[in-house]
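As the structure is a computational prediction, the values presented were derived from the model and not from experiment. Below, chains carry the letters A, B, ... as their sequence lines are ordered, and counting in each starts from 1.
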2 protein chains.
Amino acid sequence: MKVSTKGRYGLRVMIELALRYGSGPVMMDTISNCVGVSRKYLYNLLTTLKTSGLVRAVRGASGGFELTTDPNRITASDVVQSLEGHLTIVDCVHDGVTCPRIDHCASREVWQKMGEALEEVLSDVTLAHLAQRQEQKNGGQLMYYI
Amino acid sequence: MKVSTKGRYGLRVMIELALRYGSGPVMMDTISNCVGVSRKYLYNLLTTLKTSGLVRAVRGASGGFELTTDPNRITASDVVQSLEGHLTIVDCVHDGVTCPRIDHCASREVWQKMGEALEEVLSDVTLAHLAQRQEQKNGGQLMYYI
DNA sequence: CAAATACTCTACTATGTTTGTAGAGTATCC
DNA sequence: GGATACTCTACAAACATAGTAGAGTATTTG
């Protein structure tokens, strides 16, 4: 019951983009350095996030990636679900393909509640919130890890 | 971010034992039939649960497994944590081995909240509760799936 | 006692997912 | 037209999950 590196790195990536929102596209090498992920792997994450419509890519010289919308309109739930898929702890909660014992399964109600609890936590946290928190922790400086 | 079959089957197993609590040990073949898991795999689950002190084994003829204590003193949290490990979404939340950026990581607070939310849901649900719910759904009959 | 019963243990394997890497291709800016 | 920087397909190593096989051991019951 862990978040994979996709979700972990992905949220960091989005926080970095939130910190730089409004300053034009940020190139992959910069993000790669800040977050500590290889350029190649980063591309996977950004491609997924792009497909979900959370980021936009600008090609060519002085290109890069940027958020498609204001950081306070993107939640951690959006980011995590984009990269990790549905916020369901067990497939039967979301699938149309239900297991044969679904009607007399008490466990299922527990798994459902867990998913709802996660959704509640994540949808309550915006990127703006996280970026602000990050700035506080760093004393207002962007971290580069060069 | 899924519960594995260990957790899913394990909780079912414990609900079955809760339904039969006080009637002496239940043998693995019975549990295996009710829950729909092979005897061999079931052994893995029960061994883990035994190590955690949630069930007790009785060897020999007319042996089997039974809960070590009353079903309303065992929570879903106990069961899931026994089989799946700590209820942490990301290791850095619980590990002593922290990642180098732990001090300026805003994401970590999100992962921590998620774990706490799960704990809250699971520790609020007892086996007695689940067994009762299961009985309601089955009209008071034990299901055998023979 | 002895036979049946039922848990116990070690080891092995197949399968799928995660976590990446390689290298050539393509759009855009100046 | 050259430099810049994203794009795409394919592949592969490492790890975790989900089991299976088969022989061993403790207890009850007659």
Side-chain angles (χ1 to χ4, degrees), chain A residues 1-13 17 20 24-52 54-68 80 82-86 88-91 99, chain B residues 1-13 17 20 24-52 54-68 80 82-86 88-91 99:
Chain A
M1 208 164 6
K2 301 288 181 205
V3 171
S4 71
T5 57
K6 280 187 195 168
R8 296 207 305 279
Y9 290 149
L11 190 56
R12 282 191 200 161
V13 166
L17 290 181
R20 291 166 174 76
V26 185
M27 63 182 190
M28 287 209 303
D29 280 339
T30 302
I31 305 175
S32 171
N33 281 330
C34 290
V35 175
V37 190
S38 76
R39 245 187 62 92
K40 294 289 188 181
Y41 195 49
L42 178 60
Y43 171 73
N44 292 334
L45 307 178
L46 285 169
T47 296
T48 303
L49 291 164
K50 193 178 69 167
T51 304
S52 303
L54 298 174
V55 304
R56 161 175 39 240
V58 178
R59 300 180 69 157
S62 79
F65 287 86
E66 59 191 352
L67 300 183
T68 51
V80 172
S82 165
L83 293 161
E84 302 263 336
H86 268 282
T88 41
I89 282 310
V90 157
D91 286 330
C99 90
Chain B
M1 207 165 7
K2 301 287 180 204
V3 171
S4 71
T5 57
K6 281 185 194 169
R8 295 207 305 278
Y9 289 149
L11 190 55
R12 281 192 200 160
V13 166
L17 290 181
R20 290 167 174 76
V26 185
M27 62 183 192
M28 288 209 303
D29 281 339
T30 302
I31 305 174
S32 171
N33 282 331
C34 291
V35 174
V37 190
S38 78
R39 245 187 63 92
K40 294 290 189 180
Y41 195 48
L42 178 60
Y43 171 74
N44 292 334
L45 308 178
L46 285 169
T47 296
T48 303
L49 292 164
K50 193 177 71 167
T51 304
S52 303
L54 298 175
V55 304
R56 161 175 38 239
V58 179
R59 300 180 68 157
S62 78
F65 286 86
E66 59 191 352
L67 299 182
T68 50
V80 172
S82 165
L83 293 161
E84 302 263 337
H86 269 283
T88 41
I89 283 309
V90 157
D91 286 330
C99 91

Name the pairs: protein N/O against N/O of nucleotides 12-14 of chain D, kept only if under 3.5 Å.
none

**Report entry** Segment of DNA chain C, first to last nucleotide, that comes within the 4.0 Å heavy-atom reach of chain B
**Finding:** C/dT5 to C/dC9

Query - Close residues, residues 36-48 of chain A, relative to DNA chain C [heavy-atom separation under 4.0 Å] - result: A/S38, A/K40, A/Y41, A/N44

Requested in this report: Could you check which residues of residues 56-65 of chain A get a heavy atom under 4.0 Å from DNA chain C? Sort them by number, please.
Outcome: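 DNA chain C contact set from residues 56-65 of chain A: A/R59, A/G60, A/A61.
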
Requested in this report: With heavy atoms under 4.0 Å as the rule, sort A/K2 into base, sugar-phosphate or nothing.
Outcome: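 Nothing: the residue A/K2, judged by heavy atoms under 4.0 Å, touches no strand.
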
Under the side chain to side chain donor-acceptor pair (under 3.5 Å) rule, collect the residues that match up with [X], sequence neighbours excluded.
{"X": "B/S4", "result": "B/E84"}
{"X": "B/T5", "result": "B/Y41"}
{"X": "A/S52", "result": "A/S82"}
{"X": "B/K50", "result": "none"}

Requested in this report: Report the distance from atom CG of A/D29 to atom P of D/dT4, rounded to the nearest whole Å.
Outcome: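 Those two atoms, CG and P, are 11 Å apart.
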
Return the [atom1] to [atom2] distance between [X] and [Y], rounded to the nearest 0.5 Å.
{"X": "A/K6", "Y": "A/L49", "atom1": "NZ", "atom2": "CG", "answer": "11.0 Å"}
{"X": "B/N33", "Y": "B/R39", "atom1": "CG", "atom2": "CZ", "answer": "11.0 Å"}
{"X": "A/L45", "Y": "A/R12", "atom1": "CG", "atom2": "CZ", "answer": "11.5 Å"}
{"X": "B/L54", "Y": "B/L46", "atom1": "CG", "atom2": "CG", "answer": "11.0 Å"}

Looking only at heavy atoms, what is the nearest atom pair of [X] and [Y], with distance?
{"X": "B/T88", "Y": "A/K2", "result": "O-NZ, 2.8 Å"}
{"X": "A/M28", "Y": "A/L42", "result": "O-CD2, 3.3 Å"}
{"X": "A/V80", "Y": "B/M1", "result": "CG1-CE, 4.0 Å"}

Query raised in the report: Partners of A/K40 by salt bridge (Lys or Arg N to Asp or Glu O under 4.0 Å), sequence neighbours excluded?
Result: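 Checked A/K40 against salt bridge (Lys or Arg N to Asp or Glu O under 4.0 Å); zero matches.
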
Query raised in the report: Within the structure, does a side-chain N or O atom of B/S4 lie under 4.0 Å from either OP1 or OP2 of D/dA18?
Result: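 Affirmative; the distance criterion is met.
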
All N/O donor-acceptor pairs, side-chain side in residues 55-65 of chain A, below 3.5 Å, sequence neighbours left out:
residue: A/R56; atom: NE; partner: A/E66; partner atom: OE2; Å: 3.3

**Report entry** Closest-nucleotide 5' rank along DNA chain C - winner of B/M27 and A/T5
**Finding:**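 Comparing both residues, the 5'-ward one is B/M27.
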
